[in-house]
2 protein chains.
Amino acid sequence: MIEDDIFRALADPTRRAIFEKLAAGSMNASALRKGMEISQPAISQHLSVLTNAQLVRAQRKGRFVNYAVNPEGLALIAQWLTKYRAYWPERIDDLKILLKDMDQ
Amino acid sequence: MIEDDIFRALADPTRRAIFEKLAAGSMNASALRKGMEISQPAISQHLSVLTNAQLVRAQRKGRFVNYAVNPEGLALIAQWLTKYRAYWPERIDDLKILLKDMDQ
DNA sequence: GTAAAACATAAGCATACGCTTATATGATTC
DNA sequence: GAATCATATAAGCGTATGCTTATGTTTTAC
(Lines give C-alpha, C1' and ligand atoms only; values in the text may rest on other atoms or scores of the structure.)
Protein backbone atom coordinates (compact mmCIF):
# COMPACT_ATOMS: atom_id res chain seq x y z
CA MET A 1 0.00 0.00 0.00
CA ILE A 2 1.51 3.25 -1.18
CA GLU A 3 -0.41 5.16 1.49
CA ASP A 4 1.72 3.42 4.11
CA ASP A 5 4.84 4.84 2.50
CA ILE A 6 3.40 8.31 2.02
CA PHE A 7 2.09 8.77 5.53
CA ARG A 8 5.12 7.16 7.08
CA ALA A 9 7.42 9.40 5.05
CA LEU A 10 5.57 12.48 6.27
CA ALA A 11 5.47 11.34 9.88
CA ASP A 12 9.09 12.39 10.32
CA PRO A 13 9.57 16.12 10.96
CA THR A 14 13.00 16.19 9.31
CA ARG A 15 11.50 14.69 6.18
CA ARG A 16 8.67 17.21 6.17
CA ALA A 17 11.27 19.97 6.49
CA ILE A 18 13.16 18.56 3.50
CA PHE A 19 9.94 18.34 1.53
CA GLU A 20 9.06 21.92 2.40
CA LYS A 21 12.46 23.11 1.22
CA LEU A 22 12.02 21.27 -2.05
CA ALA A 23 8.56 22.76 -2.46
CA ALA A 24 10.15 26.20 -2.44
CA GLY A 25 12.40 25.13 -5.28
CA SER A 26 14.10 21.99 -6.50
CA MET A 27 17.74 21.50 -5.56
CA ASN A 28 20.43 18.91 -4.97
CA ALA A 29 21.17 17.09 -1.74
CA SER A 30 24.08 19.34 -0.76
CA ALA A 31 22.01 22.47 -1.14
CA LEU A 32 19.25 20.86 0.86
CA ARG A 33 21.65 20.04 3.62
CA LYS A 34 22.73 23.65 4.13
CA GLY A 35 21.17 25.05 7.27
CA MET A 36 20.05 21.64 8.42
CA GLU A 37 22.02 19.97 11.18
CA ILE A 38 22.10 16.57 9.63
CA SER A 39 24.70 14.24 8.18
CA GLN A 40 25.06 13.54 4.47
CA PRO A 41 23.93 9.91 4.74
CA ALA A 42 20.90 10.94 6.76
CA ILE A 43 19.76 13.35 4.04
CA SER A 44 20.35 10.68 1.45
CA GLN A 45 18.29 8.15 3.37
CA HIS A 46 15.47 10.61 3.93
CA LEU A 47 15.42 11.46 0.23
CA SER A 48 15.24 7.78 -0.55
CA VAL A 49 12.19 7.40 1.68
CA LEU A 50 10.51 10.44 0.15
CA THR A 51 11.25 9.20 -3.35
CA ASN A 52 9.82 5.76 -2.64
CA ALA A 53 6.70 7.45 -1.34
CA GLN A 54 6.37 9.33 -4.64
CA LEU A 55 6.63 12.60 -2.79
CA VAL A 56 9.93 13.52 -4.41
CA ARG A 57 11.64 12.94 -7.73
CA ALA A 58 15.35 12.44 -8.35
CA GLN A 59 17.20 13.32 -11.53
CA ARG A 60 20.94 13.06 -12.16
CA LYS A 61 22.55 16.23 -13.41
CA GLY A 62 26.19 15.43 -13.85
CA ARG A 63 27.56 14.53 -10.48
CA PHE A 64 24.68 16.24 -8.74
CA VAL A 65 21.24 14.80 -8.27
CA ASN A 66 18.43 17.25 -8.53
CA TYR A 67 15.52 16.64 -6.20
CA ALA A 68 12.06 18.03 -6.78
CA VAL A 69 8.56 17.65 -5.38
CA ASN A 70 6.62 14.89 -7.09
CA PRO A 71 2.96 15.97 -7.28
CA GLU A 72 1.94 12.33 -7.48
CA GLY A 73 2.34 11.82 -3.74
CA LEU A 74 0.40 14.97 -2.88
CA ALA A 75 -2.38 13.97 -5.23
CA LEU A 76 -2.62 10.60 -3.53
CA ILE A 77 -3.09 12.30 -0.17
CA ALA A 78 -5.75 14.57 -1.65
CA GLN A 79 -7.42 11.52 -3.11
CA TRP A 80 -7.35 9.78 0.25
CA LEU A 81 -8.82 12.89 1.87
CA THR A 82 -11.77 13.00 -0.50
CA LYS A 83 -13.01 9.71 0.90
CA TYR A 84 -13.86 11.62 4.07
CA ARG A 85 -15.19 14.72 2.44
CA ALA A 86 -18.43 14.28 4.38
CA TYR A 87 -16.63 15.32 7.55
CA TRP A 88 -14.95 18.47 6.32
CA PRO A 89 -17.82 20.90 6.82
CA GLU A 90 -17.90 19.95 10.49
CA ARG A 91 -14.60 21.68 11.07
CA ILE A 92 -14.80 23.80 14.19
CA ASP A 93 -13.13 26.99 13.03
CA ASP A 94 -13.70 29.05 9.92
CA LEU A 95 -11.55 27.01 7.56
CA LYS A 96 -13.30 26.48 4.30
CA ILE A 97 -12.23 23.57 2.20
CA LEU A 98 -13.75 22.67 -1.11
CA LEU A 99 -12.90 19.75 -3.31
CA LYS A 100 -14.56 19.19 -6.63
CA ASP A 101 -14.43 17.03 -9.71
CA MET A 102 -12.93 14.10 -7.92
CA ASP A 103 -15.88 11.77 -8.21
CA GLN A 104 -14.09 8.87 -9.75
CA MET B 1 4.17 18.76 16.30
CA ILE B 2 0.64 17.43 15.79
CA GLU B 3 1.48 16.59 12.16
CA ASP B 4 3.88 13.94 13.45
CA ASP B 5 1.04 12.26 15.29
CA ILE B 6 -1.42 12.56 12.43
CA PHE B 7 0.82 11.19 9.71
CA ARG B 8 2.21 8.51 11.98
CA ALA B 9 -1.28 7.44 12.97
CA LEU B 10 -2.28 7.09 9.33
CA ALA B 11 0.90 5.27 8.35
CA ASP B 12 -0.48 2.05 9.81
CA PRO B 13 -2.91 0.18 7.53
CA THR B 14 -4.88 -1.27 10.43
CA ARG B 15 -5.40 2.20 11.81
CA ARG B 16 -6.54 3.51 8.43
CA ALA B 17 -8.99 0.60 8.24
CA ILE B 18 -10.36 1.50 11.67
CA PHE B 19 -10.65 5.12 10.62
CA GLU B 20 -12.46 4.16 7.45
CA LYS B 21 -14.95 2.09 9.42
CA LEU B 22 -15.60 4.99 11.75
CA ALA B 23 -16.05 7.30 8.80
CA ALA B 24 -18.95 5.11 7.68
CA GLY B 25 -20.55 5.58 11.07
CA SER B 26 -19.48 6.03 14.67
CA MET B 27 -19.44 2.97 16.87
CA ASN B 28 -17.87 1.43 19.94
CA ALA B 29 -14.66 -0.58 20.09
CA SER B 30 -16.40 -3.97 20.13
CA ALA B 31 -18.40 -3.18 17.01
CA LEU B 32 -15.25 -1.93 15.34
CA ARG B 33 -13.50 -5.15 16.14
CA LYS B 34 -16.07 -7.30 14.38
CA GLY B 35 -14.70 -8.58 11.11
CA MET B 36 -11.20 -7.46 11.99
CA GLU B 37 -8.70 -10.10 13.04
CA ILE B 38 -7.23 -8.17 15.89
CA SER B 39 -7.14 -8.46 19.66
CA GLN B 40 -9.07 -6.21 21.98
CA PRO B 41 -5.98 -4.48 23.39
CA ALA B 42 -4.68 -3.84 19.90
CA ILE B 43 -7.88 -2.05 18.90
CA SER B 44 -7.77 -0.08 22.12
CA GLN B 45 -4.17 0.97 21.47
CA HIS B 46 -4.89 1.95 17.89
CA LEU B 47 -7.87 4.02 18.99
CA SER B 48 -5.66 5.73 21.52
CA VAL B 49 -3.18 6.67 18.78
CA LEU B 50 -5.95 7.93 16.51
CA THR B 51 -7.47 9.94 19.33
CA ASN B 52 -4.17 11.56 20.23
CA ALA B 53 -3.78 12.51 16.59
CA GLN B 54 -7.16 14.25 16.68
CA LEU B 55 -8.43 11.93 14.00
CA VAL B 56 -10.96 10.27 16.29
CA ARG B 57 -13.10 11.27 19.25
CA ALA B 58 -14.04 9.12 22.21
CA GLN B 59 -17.18 9.49 24.29
CA ARG B 60 -18.32 7.27 27.12
CA LYS B 61 -21.84 5.91 26.78
CA GLY B 62 -22.44 3.78 29.80
CA ARG B 63 -20.03 0.94 29.70
CA PHE B 64 -19.38 1.45 26.01
CA VAL B 65 -17.18 4.09 24.49
CA ASN B 66 -18.44 5.56 21.28
CA TYR B 67 -15.76 6.42 18.75
CA ALA B 68 -16.28 8.87 15.92
CA VAL B 69 -14.23 10.63 13.27
CA ASN B 70 -12.84 13.93 14.50
CA PRO B 71 -12.83 16.37 11.57
CA GLU B 72 -10.06 18.33 13.25
CA GLY B 73 -7.40 15.87 12.15
CA LEU B 74 -8.64 15.78 8.57
CA ALA B 75 -8.73 19.56 8.46
CA LEU B 76 -5.12 19.69 9.62
CA ILE B 77 -4.09 17.43 6.76
CA ALA B 78 -6.01 19.57 4.31
CA GLN B 79 -4.33 22.61 5.79
CA TRP B 80 -0.93 21.00 5.40
CA LEU B 81 -1.77 20.12 1.80
CA THR B 82 -2.64 23.68 0.89
CA LYS B 83 0.94 24.70 1.53
CA TYR B 84 1.85 22.78 -1.61
CA ARG B 85 -1.13 23.82 -3.68
CA ALA B 86 1.25 25.09 -6.34
CA TYR B 87 2.13 21.53 -7.23
CA TRP B 88 -1.32 20.10 -7.62
CA PRO B 89 -2.00 21.10 -11.20
CA GLU B 90 1.09 19.24 -12.25
CA ARG B 91 -0.59 15.92 -11.54
CA ILE B 92 0.14 13.49 -14.34
CA ASP B 93 -3.24 11.90 -14.87
CA ASP B 94 -6.64 13.50 -15.26
CA LEU B 95 -7.32 14.02 -11.58
CA LYS B 96 -8.72 17.44 -10.95
CA ILE B 97 -8.21 18.95 -7.58
CA LEU B 98 -9.39 22.37 -6.61
CA LEU B 99 -9.03 24.12 -3.32
CA LYS B 100 -10.46 27.50 -2.58
CA ASP B 101 -11.04 29.99 0.16
CA MET B 102 -8.19 28.85 2.30
CA ASP B 103 -6.16 32.02 2.20
CA GLN B 104 -5.91 32.52 5.90
C1' DG C 1 44.55 7.67 -14.82
C1' DT C 2 44.37 10.02 -10.19
C1' DA C 3 42.23 12.93 -7.07
C1' DA C 4 38.25 15.04 -5.47
C1' DA C 5 33.29 16.11 -5.19
C1' DA C 6 28.40 14.49 -4.77
C1' DC C 7 25.80 11.05 -3.45
C1' DA C 8 24.50 6.10 -2.11
C1' DT C 9 24.92 1.96 0.53
C1' DA C 10 26.41 -1.07 4.54
C1' DA C 11 26.65 -2.11 9.25
C1' DG C 12 25.65 -1.19 13.83
C1' DC C 13 23.12 0.93 17.62
C1' DA C 14 19.45 3.13 20.53
C1' DT C 15 14.79 3.90 20.46
C1' DA C 16 9.97 3.45 18.81
C1' DC C 17 6.24 0.55 17.09
C1' DG C 18 2.67 -3.01 17.00
C1' DC C 19 1.50 -7.00 18.78
C1' DT C 20 0.61 -10.42 22.47
C1' DT C 21 -0.87 -12.12 27.24
C1' DA C 22 -2.15 -10.74 31.69
C1' DT C 23 -4.34 -7.67 34.64
C1' DA C 24 -6.79 -3.42 35.97
C1' DT C 25 -10.62 -0.05 35.68
C1' DG C 26 -15.44 1.41 34.85
C1' DA C 27 -20.16 0.51 34.41
C1' DT C 28 -24.28 -2.54 34.38
C1' DT C 29 -27.15 -6.35 36.03
C1' DC C 30 -28.83 -9.48 39.16
C1' DG D 1 -22.02 -6.54 46.36
C1' DA D 2 -20.74 -10.24 43.08
C1' DA D 3 -20.49 -11.35 38.60
C1' DT D 4 -19.99 -9.81 34.06
C1' DC D 5 -19.31 -6.94 30.07
C1' DA D 6 -16.60 -3.16 27.69
C1' DT D 7 -12.46 -1.03 27.60
C1' DA D 8 -7.81 0.45 29.23
C1' DT D 9 -3.17 -0.27 30.88
C1' DA D 10 1.20 -2.96 31.87
C1' DA D 11 4.92 -5.72 30.57
C1' DG D 12 7.46 -8.04 27.28
C1' DC D 13 8.95 -9.33 22.65
C1' DG D 14 10.31 -9.11 17.70
C1' DT D 15 10.86 -5.85 14.19
C1' DA D 16 11.28 -1.22 12.09
C1' DT D 17 13.11 3.43 12.26
C1' DG D 18 16.57 7.10 12.21
C1' DC D 19 20.90 8.04 13.20
C1' DT D 20 25.99 7.40 13.08
C1' DT D 21 30.66 6.02 11.02
C1' DA D 22 32.79 3.74 7.30
C1' DT D 23 33.05 2.58 2.64
C1' DG D 24 31.17 2.36 -2.41
C1' DT D 25 29.75 4.66 -6.82
C1' DT D 26 29.51 7.99 -10.18
C1' DT D 27 31.03 11.97 -12.39
C1' DT D 28 34.10 15.91 -13.07
C1' DA D 29 38.77 18.15 -13.08
C1' DC D 30 43.46 18.05 -13.52
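What you see is a predicted model, and the numbers here were worked out from it, not measured in a lab. Residue numbers start from 1 in every chain, and the chains themselves are labelled A, B, ... in the order their sequence lines are given, proteins ahead of strands.
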Check this one for me: any side-chain N or O of [X] less than 4.0 Å away from OP1 or OP2 of [N]?
| X | N | answer |
| --- | --- | --- |
| Arg63(B) | dT7(D) | no |
| Thr14(A) | dC19(D) | yes |
| Arg60(A) | dT26(D) | no |
| Arg15(B) | dG18(C) | yes |
| Tyr67(A) | dA8(C) | yes |
| Ser39(A) | dT20(D) | yes |

Sugar-phosphate only, base, or nothing, as touched by Arg33(B) at under 4.0 Å among non-hydrogen atoms: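 Contact class for Arg33(B): none.
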Given DNA chain C, 5'-ward residue of the pair Gln40(B) and His46(B), judged by closest heavy atom: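 Taking each residue's closest nucleotide, the earlier one in sequence belongs to His46(B).
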Atom pair distance, as rounded to whole Å: [atom1] in [X] and [atom2] in [N]:
| X | N | atom1 | atom2 | result |
| --- | --- | --- | --- | --- |
| Asp5(B) | dC17(C) | CG | C1' | 14 Å |
| Met27(B) | dT7(D) | CE | C1' | 16 Å |
| Asn66(B) | dA6(D) | CG | C1' | 13 Å |
| Ile43(A) | dA8(C) | CD1 | P | 10 Å |
| Asp4(B) | dG18(D) | CG | C1' | 13 Å |
| Leu47(A) | dA6(C) | CG | C1' | 13 Å |
| Met36(B) | dC19(C) | CE | C1' | 14 Å |
| Asn52(B) | dA8(D) | CG | P | 12 Å |

Residue [X], side-chain heavy atoms: nucleotide from [options] that is nearest:
| X | options | answer |
| --- | --- | --- |
| Gln45(A) | dT20(D), dA6(D), dT9(D) | dT20(D) |
| Ala42(A) | dT7(D), dT20(D), dG18(D) | dT20(D) |
| Ile38(A) | dC19(D), dC7(C), dT9(D) | dC19(D) |

Backbone N/O of Ile38(A) and side chain of Arg33(A): donor-acceptor pair under 3.5 Å: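 Checking the backbone N and O of Ile38(A) against the side chain of Arg33(A), a donor-acceptor pair under 3.5 Å is found.
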Non-hydrogen atoms of Ala58(B) and Tyr67(B) that approach each other most closely: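 Where Ala58(B) meets Tyr67(B) most closely, the heavy atoms are CB-CE2, 3.5 Å.
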Heavy-atom side-chain contact between Arg57(A) and Val69(A) under 4.5 Å: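 Of all side-chain heavy-atom pairs linking Val69(A) with Arg57(A), none is under 4.5 Å.
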Separation of Lys34(B) NZ from Lys21(B) NZ (nearest 0.5 Å):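 Going from the NZ atom of Lys21(B) to the NZ atom of Lys34(B) covers 9.5 Å.
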Results of side-chain hydrogen bond (donor to acceptor under 3.5 Å, both in side chains) for Arg16(B) - residues two or more places apart only: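 Here the qualifying residues are Asp4(A).
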DNA chain D: 5'-proximal contact among Glu37(A) and Gly62(A) (nearest heavy atom):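 The 5'-side residue here is Glu37(A).
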